[in-house]
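Just so we're clear, the structure is a prediction, and the values are computed from it rather than from any experiment. Here is the naming used below: chain letters follow the sequence lines, and residue numbers restart at 1 for every chain. Only this structure's heavy atoms are used, side chains among them; waters, hydrogens and symmetry mates stay out.
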Amino acid sequence: MKAMEKSDDFGTLKGYVLVGFFGDPADGGNKDEIGWKLIGFEDHFYYAPPFGYYDAQAVKEKA
Amino acid sequence: MSTAPEQRRYKLTDNVDFLIIGCGASGSVLARELSRNGFSVVALEQGPWLDRKQFTHDEYRVQAQNLLTNNPQKQPTTFRKTPADKAVKQPAVIYGRMVGGGTVHFTANYWRFHEIDFIEASKKGAIAGTGFADWPITYADLEPYYTKAEWELGASGQAGASPFDPPRSKPYPLPPMPVKSSGVLFEQGARKLGLNPFPAPVAVISQAYQGRLPCAHCGFCQGFGCEMGAKSSPLPTMVPQAVATGRCEIRPHSYVRKIELDAKGRAIGAVYFDQHGKESLQHAKAVIVASNGSETPRLLLLSKSNRFPNGLANSSGLVGKYLMFNTDTIAQGTFEHELNEYKSIEVTRISHDFYEIDPKFGFYGGGGLSARFLWTPISFSFGGVPPSAPQWGSEYKKYLAKNFNRTMMVMGHGTSLPLADNSISLDDTLKDAWGLPAMRVTYKDHPDDIKAAKYMNGKAMDILEAAGALQTWSFPVGEQNLGYHLLGTCRMGNDPRSSVINSGHRTHDVANLFLCDGSSLVTSGRGQPTESIQALAFRASDRITALAKKGEI
């Protein structure tokens, strides 16, 4: 299996699987955003800071 | 697919004041400035004219299908490392192919060049085997136009935040964008190392500006068009303002194959293929080529004639030569808590501490460092995973689930030396979809460029470690075979034997032919050339306007 993972055919197959799993659901894959939910990605148009833990901490320290 | 709004239309036989070829970073600035100055302008753009409402976050369609960039199927290129090698068909350049050009999909880093970039050869001395040279203009000549670019297009940043910043006549029009977790960690790591991190200057508006709404932090900047119109590309700024003059027509889907001359050797216009493949000749009193550092020299080489058998405006033999890509390196790190880097703009903190690497290391070069995360879900699943992690199966899946939101990178952006062998030329056999000779790219980084890139990459790793990364790794640093900063191929200079255009962007050989884009650069800067290209375009507009008003074109 390890050797197979390095083959060109496997790389192509992996590519298709990942595009299907993590691509925009509008294209037919990633049903119910299952791939996005797995990694914690959301596709929204608008976010407000703080965005993550470290910038939230930095804001707190400044306050 | 393409929307051409209501605008002034010109006939092919109308002898317009200016024909601009390419409507991207520089061409649309020239179109807006010259039309505002009272001239009639036709701007030919090979790509479509998209509306921001047509932009999406669809990673596969936008990036894999080249919606915003040149298409390697229709416009194949060949690549070789040196002129002695056989060129092989492969994608060798990426550029924006649409109204607005590469600035529609760029990351929006908006860095001025520093004073040293213009005078480095005389300060540091010649480098054997290279075309390293001073510019015919200085930073002081360009400064008013950097300011103009920042204010006319809309840039966010903090003047004086970097001790290495060159002098400026005005602050940024807008305050910096909110810092992201990658910026906070970069700042912490860099400060521990005694460096001077500062808020990244970006061509994204942090507040409402000139009728445009501010960035909504959707996270899709690099590689994508901005649906909000908050990225300060010419598409929501220069382009509508040019059209609003009533003197400018932007003609998308117009693929130019030749600049035509009259019997006296003056440009009379350009021949192009329209969307349906029909050939037309648009007449003009003067021609400005702004087609980027790869297509501008290619068009000149395609425009050879009895008068110019080696390519138009190529008496120096330097059209296409001295191609510079800049270098890019990537170091990555994972952290304990969530960064959620998929939100907001890519880069919020940078450093210019290594703008000039200490010459005692024995090589020329320098660069900038930027905190960022350039991944989206599909690309992360390929590029965001360290080689030591499992690459398939349930452990791989667990890795992605844990680390998509805990990963950041520090990129190094560095110098490329101008080498005569590194070039854009015409391929001997391969043709594009229009039957024209395909672009051939010859490129091999100078050993000093590689050394400088490795040095920057080492500093990037140090910053990640100082910031407390749990794990760090980097992409291998080596010779490049794909360029997206396309610089130096029709360089400016005072001597017609060693340059293609003068300091006013006029070609030395044809009085009514001007070139203005990445090809004009003499040195590569430190990896973020767009603001300089646009500052040059604002300056060129003033110079060309003055000539035209005096009747000297």
Side-chain angles (χ1 to χ4, degrees), chain A, chain B residues 56-62 64-65 177-188 215-220 227-228 335-345 348 373 375-382 384 390-393 396-408 467-468:
Chain A
M1 184 66 198
K2 278 282 160 213
M4 199 179 104
E5 282 177 24
K6 292 203 188 323
S7 74
D8 286 351
D9 285 349
F10 183 80
T12 308
L13 179 64
K14 177 179 167 182
Y16 287 133
V17 171
L18 293 172
V19 167
F21 194 62
F22 291 117
D24 193 319
D27 297 329
N30 188 10
K31 190 169 186 304
D32 301 324
E33 303 184 3
I34 184 173
W36 290 354
K37 282 176 188 154
L38 173 79
I39 60 174
F41 168 80
E42 295 173 88
D43 184 20
H44 294 311
F45 186 66
Y46 178 78
Y47 296 102
F51 306 112
Y53 173 87
Y54 298 95
D55 52 308
Q57 286 298 111
V59 170
K60 267 190 216 159
E61 280 165 26
K62 258 194 184 169
Chain B
T56 78
H57 292 176
D58 189 326
E59 193 183 348
Y60 177 70
R61 289 192 58 232
V62 174
Q65 298 184 350
M177 293 285 289
V179 69
K180 304 207 316 180
S181 282
S182 58
V184 169
L185 290 166
F186 179 88
E187 187 155 342
Q188 288 170 358
C215 172
H217 310 292
C218 80
F220 283 77
E227 297 131 282
M228 197 74 186
F335 290 85
E336 186 184 355
H337 300 288
E338 289 196 348
L339 285 73
N340 301 328
E341 286 295 308
Y342 67 89
K343 299 177 184 179
S344 198
I345 63 168
T348 60
F373 181 72
W375 307 123
T376 31
I378 299 171
S379 62
F380 180 79
S381 69
F382 292 91
Q391 304 294 317
W392 191 245
Y396 167 71
K397 198 168 155 184
K398 268 189 219 160
Y399 183 92
L400 297 178
K402 180 168 181 206
N403 290 305
F404 176 72
N405 281 333
R406 288 180 174 80
T407 304
M408 65 169 277

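- Ring-plane geometry between A/Tyr53 and B/His337 is classed as parallel, the angle between the planes falling under 30 degrees on a 0 to 90 degree scale with a further cut at 60.
- Note that CG of A/Leu18 is 11.5 Å distant from CZ of B/Phe380, once rounded to the nearest 0.5 Å.
- Each of A/Gln57, A/Lys37, A/Glu42 has some count of heavy-atom pairs under 4.5 Å with chain B, and the biggest count is that of A/Glu42.
- In this structure, chain A has a heavy atom under 4.5 Å from the side chain of B/Tyr396, while its backbone stays farther away.
- What you find for A/Gly52 and B/Asn340 is that their closest heavy atoms are CA-ND2, 3.9 Å.
- Rounding to the nearest 0.5 Å gives a distance of 8.5 Å between OG of B/Ser182 and CG of A/Asp55.
- Once rounded to the nearest 0.5 Å, the distance linking CZ of A/Phe41 with OG1 of B/Thr376 reads 7.5 Å.
- For B/Leu339, the parts lying near chain A are the backbone and the side chain together; criterion is any non-hydrogen pair under 4.5 Å.
- In this structure, chain A has heavy atoms under 4.5 Å from both the backbone and the side chain of B/Glu336.
- In this structure, CG on A/Asp27 lies 4.0 Å from CG on B/Asp58, to the nearest 0.5 angstrom.
- The minimum heavy-atom distance between A/His44 and B/His57, with the atom names listed, is O-CE1, 4.1 Å.
- The nearest pair of heavy atoms linking B/Val184 to A/Ala58 is CG2-CB, 3.9 Å.
- Of the two parts of B/Lys397, the backbone and the side chain both hold a non-hydrogen atom closer than 4.5 Å to a non-hydrogen atom of chain A.
- Interface summary for chain A: among B/Gly183, B/Ser344, B/Ala216, B/Pro178, the most heavy-atom pairs under 4.5 angstrom belong to B/Ala216.
- Each of A/Phe45, A/Phe51, A/Tyr47 was checked for a ring pair (Phe, Tyr, Trp, His ring centres under 6.0 Å) with B/His217, and the lone residue meeting it is A/Phe51.
- In this structure the side chain of B/Trp392 reaches within 4.5 angstrom of the side chain of A/Val17, judged on heavy atoms.
- Comparing B/Phe335, B/Tyr342, B/Phe220 by heavy-atom pairs within less than 4.5 Å of chain A, the highest count is held by B/Tyr342.
- Options B/Tyr60, B/Phe382, B/Phe404 differ in how many heavy-atom pairs under 4.5 Å they form with chain A, and the most are formed by B/Phe404.
- What you find for A/Gly40 and B/Asn405 is that their closest heavy atoms are O-ND2, 2.9 Å.
- Counting non-hydrogen atoms of other residues, nucleotides and ligands closer than 6.0 Å to CG of A/Leu13 gives a total above 12.
- Atoms CD1 and OG1, on A/Ile39 and B/Thr407 in that order, are 10.5 Å from each other to the nearest 0.5 Å.
- Looking at A/Val59, neither its backbone nor its side chain comes within 4.5 Å of chain B, counting heavy atoms on both sides.
- When every heavy atom of A/Tyr54 is checked against every heavy atom of B/Ser181, the shortest pair comes out as N-OG, 3.1 Å.
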